[in-house]
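Read the structure below first, then the notes.
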Amino acid sequence: MLVLLTAVRVAATLATPVMLARAVDAARAQHDAGASAAWLALVLAAAAVATTAEDVLGSYCGSDITAWLRHRLLGHVLALGPAGRRRFPAGDVLSRLTESASGPAAFPVLLLSAAATLATTVGALIGLALIDWWLAAAFAAGVPPLLVALRVFVVRATEPFARYQACQAAIATRLLDARQGIRTIRASGTAAAEVRRILAPLPGLGRAGRETWAVQGRVSRRLALLAPLTQVLVVGVAGVRLGAGEITTGQLVGALSYAAMAAASASVFDTVVALLNCQVGAGRISEILTAVPAVRPPARPVRLPDGPGELRLRGVTVRLGGRAVLDRLDLDVPPGATVAVVGTSGTGKSVLMSTIGRLLDPDEGVVELDGVPVTAVPLAELRRAVAYAFERPALLGATVRETIAYARPGATRAEVHRAARDAVADAFIRALPNGYDTPSTAPRCRAASCSGWAWPARRSPTPGSSSSTTPPAASTPRRR
């Protein structure tokens, strides 16, 4: 539909000077002027309707593509798992979801706009040639400088454009990190230092922006001079040809319209700027979409036997950042056993837990559950067999009820209550202000008003000391 509307607009635009020339000549000759004016009005109306419909439909097209891109991007980010979070921090992903995804969404409309401008320019050139070939030659003299200016802009502005978006992403990433650690920042009195850390990429952002605007300004000035000069040249040649009796008054009016139309082709520069932004945004999105998930579905799935839940690790090695966090680890956990893994931060406790449920695959070695390698088990089945309880869980859902039913949105109220009782959580949930309907993001109530959520105070570690008492995420095979 967009292509059809664009074609109608271009055809009507190119036909307007012809109809205008006929109307002028008919008025001067006082012959059939009414019919010529009617045709001119019809062509102008068609151009207006096509332009309006094109703008409306283009907006819907851009919105649909933006939504599609963001859904696809978000789905792939989640598929990358924890390893993807290390490669693409939250702030970086957020900037790609917002700033980067909005650019490529406009690509079809911009491409049609550029094609329409090119078609209009070629049509205007043909129209000038049909009136008088000297007019076409006068306009053609200004085309090579236009192409050179656009080429210079694309070459010089691509790299600053990319740096600008990268600096934006860096600032967003640091700001989100600071928001998550706001209590630590306030408690340590390092707000000023944190502001400096967040805004550290700002000078680079400024340099990239100034470079982009400098290149854009130079090219814009050249085009702003080139287009009127070309138009003046065409008008001058048309005046000479009219004086020589080679063209009529109506043809002069048509030639002036075609010259103005052709000179307006310099506005393609704005389209080129937008297309360059599309290219940079598409490159940033492609970085995520082409990233390979660290955990892939098994090529030949194997079902887990209905075993007791025996866990075995053989020669498990995991390297992160060039360092072997786990080095040829062997471990046997008998069925029904409770095992605690204790160690300081960075010793690999969470990494070890991640390999059991395939939140992370080892670089070497094998993890087996009831004699079956976990890499051979379908991910959905493995998720049902291995349960995780993280030290700082994210409460997904608007209320406590929705949080409990997150993995089963269709769960009934009775099923949610039964699950809470099985987890020994029903009593303190009922003590909340609104029970199961308490917002999961609400601030924790004080002990004076809600004894069910009264947590014992813990002493802060003394300055300079390190605390290793925080347990790792628990991972328990749920096997009978």
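Electrostatic pairing of Arg430 and Asp426 counts as a salt bridge here, judged by a charged N lying under 4.0 Å from a carboxylate O. Taking 4.0 Å as the cut-off between side-chain N and carboxylate O, Arg314 and Glu368 do not count as a salt-bridged pair. Taking a cutoff of 4.0 Å between a charged side-chain nitrogen and a carboxylate oxygen, Arg383 and Glu381 do not qualify as a salt bridge. With respect to Arg328 and Glu364, no salt bridge is recorded, no charged nitrogen being found less than 4.0 Å from a carboxylate O.
Two residues are said to be in side-chain contact when any heavy atoms from C-beta on lie closer than 4.5 Å; Tyr388 and Leu359 meet this criterion. Under the 4.5 Å side-chain criterion, counting only non-hydrogen atoms from C-beta, Leu110 is in contact with Cys278. Two residues are said to be in side-chain contact when any heavy atoms from C-beta on lie closer than 4.5 Å; Val400 and Asp437 fail this criterion. Side-chain contact between Asp177 and Arg197: present, with at least one pair of heavy atoms (C-beta onward) separated by less than 4.5 Å.
Thr347 and Thr344 get closest at one heavy-atom pair: OG1-O, 2.7 Å. Listed here is the closest heavy atom pair of Leu14 and Ala124: CD2-N, 3.6 Å. Closest approach of Pro104 to Leu69, counting heavy atoms only: CB-CD1, 3.9 Å. Residues Val93 and Phe88 share a closest heavy-atom pair of CG2-O, 3.5 Å. Closest of all the heavy-atom pairs between Ala157 and Leu276 is CB-CD2, 3.6 Å. In terms of heavy-atom proximity, Leu382 sits nearest to Val377 at N-CG1, 3.9 Å.
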- Taking it one step at a time, do Tyr164 and Asn277 satisfy side chain to side chain donor-acceptor pair (under 3.5 Å)? CA-CA 11 Å; Tyr164 190 88; Asn277 187 47; over 6 Å; no
- Task: List the steps, then state whether side-chain contact (heavy atoms from CB on, under 4.5 Å) holds for Val341 with Met353.
- Result: CA-CA 9 Å; Val341 181; Met353 298 299 112; 3.9 Å; yes
- Worked verdict on Asp330 versus Leu313 for side-chain contact (heavy atoms from CB on, under 4.5 Å): CA-CA 5 Å; Asp330 293 330; Leu313 284 76; over 6 Å; no
- Could you check Thr158 against Gln279 for side chain to side chain donor-acceptor pair (under 3.5 Å), going step by step and ending with a plain yes or no? CA-CA 9 Å; Thr158 301; Gln279 178 185 354; 4.8 Å; no
- Message: Before you tell me yes or no, could you show the steps for Ile171 and Ile198 under side-chain contact (heavy atoms from CB on, under 4.5 Å), namely the whole-Å CA-CA distance, both residues' side-chain angles and the distance that decides it to 0.1 Å?
- Response: CA-CA 6 Å; Ile171 293 175; Ile198 294 172; 4.3 Å; yes
- Task: Take Leu289 and Leu73 through the side-chain contact (heavy atoms from CB on, under 4.5 Å) test and state the conclusion after the steps.
- Result: CA-CA 7 Å; Leu289 294 181; Leu73 188 65; 4.1 Å; yes
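In terms of the salt bridge (Lys or Arg N to Asp or Glu O under 4.0 Å) criterion, Asp64 has no residue partners (sequence neighbours excluded). For the salt bridge (Lys or Arg N to Asp or Glu O under 4.0 Å) test, no residue two or more places apart in sequence or in another chain qualifies with Arg413.
More than 12 non-hydrogen atoms from other residues, nucleotides or ligands lie less than 6.0 angstrom from CZ of Arg174.
Proximity of a side-chain donor or acceptor of Lys349 to a complementary backbone N or O of Gly343 within less than 3.5 Å is detected. At least one donor-acceptor pair closer than 3.5 Å links the side chain of Ser59 to the backbone N or O of Asp55. Not a single donor-acceptor pair under 3.5 Å links the side chain of His71 to the backbone N or O of Thr66. In this structure, the side chain of Ser113 does not engage the main chain of Val109 through any donor-acceptor pair within 3.5 Å. Tyr406 places no side-chain N or O within donor-acceptor distance of the main-chain N or O of Leu395, the cut-off being under 3.5 Å. Here the side chain of Asp92 pairs no donor or acceptor atom with the backbone of Thr173 at under 3.5 angstrom. Judged by distance alone, with hydrogens and angles left aside, the side-chain atoms of Thr355 form a donor-acceptor pair with the main-chain N or O of Leu352 at under 3.5 Å. The closest donor-acceptor contact from the side chain of Thr412 to the backbone of Glu415 lies under 3.5 Å. In this structure, the side chain of Asp370 engages the main chain of Gly309 through a donor-acceptor pair within 3.5 Å.
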Kindly list each side-chain donor-acceptor pair under 3.5 angstrom involving residues 201-219, sequence neighbours excluded, with atom names and distances?
from	atom 1	to	atom 2	distance (Å)
Glu211	OE1	Arg163	NH2	2.5
Glu211	OE2	Arg163	NH2	3.3
Thr212	OG1	Ala208	O	2.9

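Defined by atom type and a distance below 3.5 Å, a donor-acceptor pair is present between the side-chain atoms of Thr6 and Glu54. A donor-acceptor pair shorter than 3.5 Å cannot be found between the side chains of Glu402 and Ser440. In summary, the side chains of Arg284 and Ser95 do present a donor paired with an acceptor at a separation below 3.5 Å, with no hydrogens or angles considered.
Here the straight-line distance linking atom OG1 of Thr98 with atom CZ of Arg70 works out to 6.5 Å at 0.5 Å rounding.
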